[in-house]
Amino acid sequence: MVTLGGVLLVLSSNWLSVYLAIELPTLSLFILAAQKRGSGHSAESGLKYFVLGALSSGLFLFGCALLCGLTGGASIPCIDLVLYQGVAQTLDSAIDQVGLLSSDPSGVMTPIGSLLITIALLFKLSAAPFHMWAPDVYDGAPTTTTALLATVPKVAIFSILVSIGPVVNLLLVGAVFSMVVGAIGALNQTKIKRLLAYSGIGHMGFVLWGIEIGSFESVLASLVYMILYVTMSICIFAIILALGVVKNLIVEFSGLSRREPVLALTLALTLLSIAGIPPLVGFLSKWLVLLSGVVYQYYLVSILAVICSVVAGVYYVRIVKIIYFQADSSLLIGPKTLQKENRVNLRKSLLIGASLYPIGFTIVSPNLLLQVAHWATMGLF
């Protein structure tokens, strides 16, 4: 149902179908987040996701009510046209009346409706400053649910944000906050899923920045970034599930290079790639977004993005250091001894291998990825 909702959301062309397509996976994720019976953390994560999800749905419906009431239709292209006309009328009126608002409320209410819808979508995307639910929900939910929550809904929400377009620089504010929060918030984390939650917040900042610029090249760069982020996230979560970590602590990866050298190398390459270290493919995605920002004269944001990438690289490299250069923690020797051996089955092996291939080799020949992203971006415009 989560996957079906994501597909329907990408295909939606009016706000009613968008809302239904958003709520279909959201209601399913409520259940999946709280499915671990007897676990207080799982119940807490499901409840937090439910409460904040209901708040974002209310904002979305209120924004839709304003837009549909003022335009007389629920089609997204129709609303976009009226939005730009309303903004232009508002600016002309402000110039003519020296700061006084227009007597026609549609010029003011239409941007407010789009503003509320964008805020609701940023909640779903776990972008700062609407990110407060992500670390707790990621940590409390079962790992399979966390992997689903971190990948499928974000791709679908991306398509709707591109259709709406930038609204009153809100996406730029969200991009800057997300980069800073994602870089700083993960530095002192001790649990892998909370760290990945803050990592996702930081990466969504780069995606939002490309959408905010609004050109075809920047949206293409954001789409490439999103595809590669989802691929790398799938690889990381598949390895976590294959290892069967007990408490989701980062120190549980200590000594992994001696126990599982192949999985250790795969995890290290994925972490270095998601940090944006060349020649891995994560560097390509960051470089494309930064190139769009420099071309369109977002110099301060570009400098901030580079600084945040360097800071974020610290906690990725720290995990690699734990994998290869840290001995097993004495506190975890007992649980690891009592835990039965977790064999990596064929399905997990195929999933890890399929997600590792683009991470290691797409940078050598990225033509196929760029061509597919080009076709997809043409469909979004």
Side-chain angles (χ1 to χ4, degrees), residues 2-3 5-7 9-12 21-22 25 118 121-128 130-131 134 138 146-166 171-172 174-175 178-179 182 196-237 270 273-276 280-293 305 308-309 312 354-355 357-359 362-363 366 368-381:
V2 173
T3 307
V7 173
L9 186 56
V10 174
L11 298 175
S12 299
I22 288 177
T118 304
L121 294 177
L122 291 182
F123 263 108
K124 304 291 186 183
L125 207 60
S126 70
F130 312 106
H131 66 284
Y138 276 42
T146 305
L148 193 65
L149 185 62
T151 54
V152 176
K154 292 184 178 182
V155 178
I157 296 296
F158 170 83
S159 64
I160 301 301
L161 281 175
V162 173
S163 300
I164 299 175
L171 295 184
L172 182 61
S178 297
M179 291 178 191
L196 291 176
Y198 281 105
S199 171
I201 293 169
H203 290 297
M204 288 305 104
F206 281 89
V207 173
L208 291 175
W209 185 24
I211 300 175
E212 165 63 29
I213 296 172
S215 66
F216 182 87
E217 294 79 9
S218 65
V219 174
L220 173 63
S222 291
L223 181 58
V224 171
Y225 199 107
M226 178 66 77
I227 293 172
L228 295 177
Y229 165 75
V230 168
T231 303
M232 292 182 286
S233 297
I234 291 173
C235 187
I236 291 176
F237 281 108
T270 306
S273 177
I274 204 170
L280 299 172
V281 74
F283 171 76
L284 173 65
S285 60
K286 289 183 182 293
W287 181 75
L288 289 174
V289 178
L290 285 170
L291 181 62
S292 299
C308 291
S309 296
S355 56
Y357 180 80
I359 294 172
T362 302
I363 192 67
L368 177 61
L369 173 64
L370 295 177
Q371 186 63 56
V372 172
H374 181 84
W375 292 335
T377 307
M378 290 180 63
L380 292 174
F381 276 88

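What you see is a predicted model; the values in this text were computed from it and never measured. Hydrogens, waters and symmetry mates are skipped; everything else that's a heavy atom, side chains included, is used.
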Taking the side chain as every heavy atom from C-beta outward, state whether [X] and [Y] have any atom pair closer than 4.5 Å.
X: T377; Y: F216; result: yes
X: P366; Y: L284; result: yes
X: V162; Y: L223; result: no
X: I22; Y: L121; result: yes
X: T151; Y: F237; result: no

Quick one: [atom1] on [X] to [atom2] on [Y], what's the gap to the nearest 0.5 Å?
X: S309; Y: F206; atom1: OG; atom2: CZ; result: 3.0 Å
X: Y225; Y: L288; atom1: OH; atom2: CG; result: 11.0 Å
X: I274; Y: H203; atom1: CD1; atom2: NE2; result: 4.0 Å
X: I359; Y: L280; atom1: CD1; atom2: CG; result: 8.5 Å
X: L172; Y: I211; atom1: CG; atom2: CD1; result: 12.5 Å

**OP:** Apply side-chain contact (heavy atoms from CB on, under 4.5 Å) to L208 and L125, showing your working.
**Re:** CA-CA 10 Å; L208 291 175; L125 207 60; 3.8 Å; yes

Output side-chain donor-acceptor pairs under 3.5 Å for residues 229-236, partner residues at least two apart or in another chain, one line each.
unit_1: T231; atom_1: OG1; unit_2: I227; atom_2: O; d: 2.8
unit_1: S233; atom_1: OG; unit_2: Y229; atom_2: O; d: 2.9

**OP:** Could you give me the CA-CA distance, side-chain angles and deciding distance for L171 and L122, then say whether side-chain contact (heavy atoms from CB on, under 4.5 Å) is met?
**Re:** CA-CA 9 Å; L171 295 184; L122 291 182; 4.1 Å; yes

Original post:
Okay, side chain of S126, backbone of I201: is any donor-acceptor separation there less than 3.5 Å?
Top reply: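 Side chain of S126 to backbone of I201: no pair is present.
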
**OP:** Look at the side chain of S178 and the backbone N and O of A128, then say whether any donor-acceptor pair between them is shorter than 3.5 Å.
**Re:**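 Looks like yes, one N/O pair under 3.5 Å.
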
Subject >> Steps toward side-chain contact (heavy atoms from CB on, under 4.5 Å) verdict (M226, M204) >> reply: CA-CA 8 Å; M226 178 66 77; M204 288 305 104; 3.9 Å; yes

Original post:
Do the ring planes of F130 and F123 sit parallel (below 30°), tilted (30 to 60°) or perpendicular (above 60°)?
Top reply: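 Answer is tilted, since the angle falls between 30° and 60°.
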
Subject >> Minimum-distance pair of heavy atoms, taken over all atoms of F158 and S222 >> reply: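 In terms of heavy atoms, the two residues are closest at CE1-CB, 3.7 Å.
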
Subject >> Check against side-chain contact (heavy atoms from CB on, under 4.5 Å), T118 and L161 >> reply: CA-CA 7 Å; T118 304; L161 281 175; 4.2 Å; yes

